[in-house]
Amino acid sequence: MELFYYVVFGILSAIVAVFELSKNNKDRISTSSAFSSFKNNYLVVYSLMMAGDWLQGPYVYFLYSQYGFDKGDIGRLFIAGFGSSMLFGTIVGSLADKQGRKRACITYCITYILSCITKHSPQYKVLMIGRILGGIATSLLFSAFESWLVAEHFKRGFDAQWLSLTFSKAIFLGNGLVAILAGLFANTLADTLGFGPVSPFDAAACFLAIGMAIILSTWTENYGDPSESKDLLTQFKGAAIAIASDEKIALLGAIQSLFEGSMYTFVFLWTPALSPNEQDIPHGFIFATFMLSSMLGSSLASRLMARQAVKVEGYMQIVFLVSSASFLLPLITTFILEPSTEKGGSITAGGRLQLLGFCVFEACVGIFWPSIMKMRSQYIPEESRSTIMNFFRIPLNIFVCVVLYNVNAFMASVLQRRLMVVAESHKTKSLDTWVVTKERDTEAEPLNI
């Protein structure tokens, strides 16, 4: 592995360490021992759940490609996952308000374990079933656990500001440290130990099973609106009315959908973006580097949210602006740097610049997650929290499905444009060489008098 990857990882590690070790009283929140015990229990479970998710991240695209599927086939598998999250996930996730958030969390574990098992099959239909199950699990992961936490937090009488501490720690650990370790562990299992790209999915299933055992033994059940008089349709209608009648809830949903839409599109595209000609890149190590960047962002977010004078709505505008700017790098490098058409080899100069830009985006993701969680706890009504949160994912999944459906044609056009640029460059170089050679021949040619 090249020195470049170690340098980037080392610099980010040093910055995160400085951020964490330099915190003062203004950056910390005083809490009770009862809250610390509650928070730590949730963080253990959330970290295990995220470990089960992150272990799969570096090798989803790679595994499908190893089974012989092209970008179009892989894109359809991703579309199935997001479509499943939109259709089935919305229904299953919304049942958490009525049937219980704890039950929904257990359902997540079972569904995702089954999804991991399907990765052993090279059959496209089996993999498609796995993506559908994974889509349902994703909806539960990003709604049921947070809904259980918020309800349980206030049920136990804890201070509202302490909730932001749990959010920031959950992202720092679950979307940061655990994700880094998961990326390195996945890389070790698949590449170093030679168990292959399916082994991280087996490890993920084990972590999910451990987390499910802790949920069953330590968590209590809580509900949004357990009223027997409300069926699912009535629950959907109530959530839709809440969104339509409160502009802040509607705008919050739009913010979440747009940012997460770009994030999930990035998940699908970062591998082909950094290795357009099948360059040899360490998928697991790069993934861990991205998560270290996210860890840096969540550390910064915890400082910001600890200060009551700082408003989440204010600094998030800057986060969105920086995120947009970071995604301009792939476009800029395409036109500034001469693309390489050589198959294999190491990462190109353009790929290195893009990797740095992607790290900036991941840092913004680290700020985004705890911040959006805090805003959701403030604006979304408790009785329909899970339902509204899953409603937010409907436009997100539609957006991602449309992007993924068109991404194959887009990448083909980009590759064609790169080839044209290279061909034009070679034509120019050939012409220059011919002119120079002709001049030399003319100079060397004796005069016939």
Side-chain angles (χ1 to χ4, degrees), residues 4-23 27 47 50 53-54 57-58 142 164-165 167-184 255-256 258-271 273-274 283-307 310-333 351-375:
F4 168 73
Y5 300 110
Y6 292 110
V7 171
V8 174
F9 191 87
I11 292 174
L12 287 172
S13 299
I15 296 174
V16 171
V18 169
F19 262 79
E20 284 299 301
L21 295 176
S22 63
K23 284 184 177 180
D27 303 317
S47 296
M50 294 308 299
D53 187 48
W54 289 124
F142 292 108
S164 63
L165 179 61
F167 287 148
S168 60
K169 286 294 183 182
I171 300 304
F172 185 84
L173 293 174
N175 288 38
L177 182 61
V178 169
I180 293 169
L181 296 176
L184 297 175
I255 290 170
Q256 177 181 324
L258 290 170
F259 189 87
E260 288 191 40
S262 65
M263 185 184 69
Y264 282 114
T265 306
F266 167 73
V267 169
F268 180 75
L269 289 175
W270 75 261
T271 296
L274 296 180
H283 295 84
F285 198 85
I286 291 176
F287 182 78
T289 304
F290 288 158
M291 295 307 102
L292 185 60
S293 302
S294 177
M295 198 172 172
L296 173 61
S298 63
S299 180
L300 178 59
S302 66
R303 286 171 173 254
L304 294 171
M305 290 191 294
R307 301 172 186 268
V310 179
K311 298 294 183 183
V312 177
E313 296 84 352
Y315 69 74
M316 283 305 294
Q317 297 179 45
I318 301 174
V319 171
F320 295 140
L321 182 63
V322 174
S323 300
S324 301
S326 68
F327 275 157
L328 289 176
L329 269 180
L331 183 64
I332 294 172
T333 55
R352 293 180 181 182
L353 287 175
Q354 290 182 43
L355 177 60
L356 296 177
F358 292 162
C359 287
V360 172
F361 173 73
E362 284 291 350
C364 293
V365 172
I367 301 174
F368 168 81
W369 280 120
S371 302
I372 201 72
M373 287 174 175
K374 183 177 181 180
M375 287 192 284

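Being a predicted model, the structure only gives us computed values, none of them experimental.
Nearest heavy atoms, G366 versus I171: O-CG2, 3.9 Å. The minimum heavy-atom distance linking V8 with L356 is given by the pair CG2-CD2, 4.0 Å. In terms of heavy atoms, V178 sits closest to M50 at CG1-C, 4.5 Å.
Of the inter-residue distances, the one linking L177 atom CG with K169 atom NZ reads 11.0 Å to the nearest 0.5 angstrom. Between atom CZ of residue R303 and atom CD of residue E20 there is a gap of 7.5 Å, rounded to the nearest 0.5 Å. A distance of 9.5 Å separates CG of L292 from CG of L184, quoted to the nearest 0.5 Å. Remark: F19 CZ to S298 OG distance equals 10.5 Å, nearest 0.5 Å. T333 OG1 to R352 CZ: the interatomic distance, rounded to the nearest 0.5 Å, is 14.0 Å. How far CD1 of I318 is from SG of C364: 10.5 Å, rounded to the nearest 0.5 Å.
C359 has its side chain within reach of L12: a pair of non-hydrogen atoms, C-beta onward, lies under 4.5 Å apart. Two residues are said to be in side-chain contact when any heavy atoms from C-beta on lie closer than 4.5 Å; Q354 and W270 fail this criterion. Between F361 and S293, the closest side-chain pair of non-hydrogen atoms is not below 4.5 Å. Looking at heavy atoms from C-beta onward, F4 lies in side-chain contact with L355 at the 4.5 angstrom threshold. Contact of the I367 side chain with the M316 side chain is registered, since non-hydrogen atoms from C-beta on lie closer than 4.5 Å. Using a 4.5 Å cut-off on side-chain heavy atoms (C-beta onward), I11 and V7 make contact.
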**Asked** Given the rule in the side-chain contact (heavy atoms from CB on, under 4.5 Å) test, do L274 and F358 qualify, once you have shown the distances and angles that lead to the verdict?
**Response** CA-CA 10 Å; L274 296 180; F358 292 162; 3.8 Å; yes
**Item:** S302 and F172: CA distance, side-chain angles, deciding distance, side-chain contact (heavy atoms from CB on, under 4.5 Å) verdict
**Value:** CA-CA 9 Å; S302 66; F172 185 84; over 6 Å; no
**Request:** Starting from the C-alpha separation in whole Å, work towards a yes-or-no answer on side-chain contact (heavy atoms from CB on, under 4.5 Å) for F9 and I180.
**Result:** CA-CA 11 Å; F9 191 87; I180 293 169; 4.1 Å; yes
**Request:** Please step through side-chain contact (heavy atoms from CB on, under 4.5 Å) for the pair F142 and E260, ending with a clear verdict.
**Result:** CA-CA 12 Å; F142 292 108; E260 288 191 40; 5.6 Å; no
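Not one N or O on the side chain of S294 forms a donor-acceptor pair closer than 3.5 Å with the backbone of F290. Without hydrogens or angle criteria, W54 side chain to G174 main chain gives a donor-acceptor distance under 3.5 Å. Under a 3.5 Å cut-off, the side chain of S323 and the backbone N or O of V319 do form a donor-acceptor pair.
Applying ring pair (Phe, Tyr, Trp, His ring centres under 6.0 Å) to F259 and the options F266, W369, F320 leaves one that passes, F320.
Around the NZ atom of K374, the shell of radius 6.0 Å holds more than 12 heavy atoms that belong to other residues, nucleotides or ligands.
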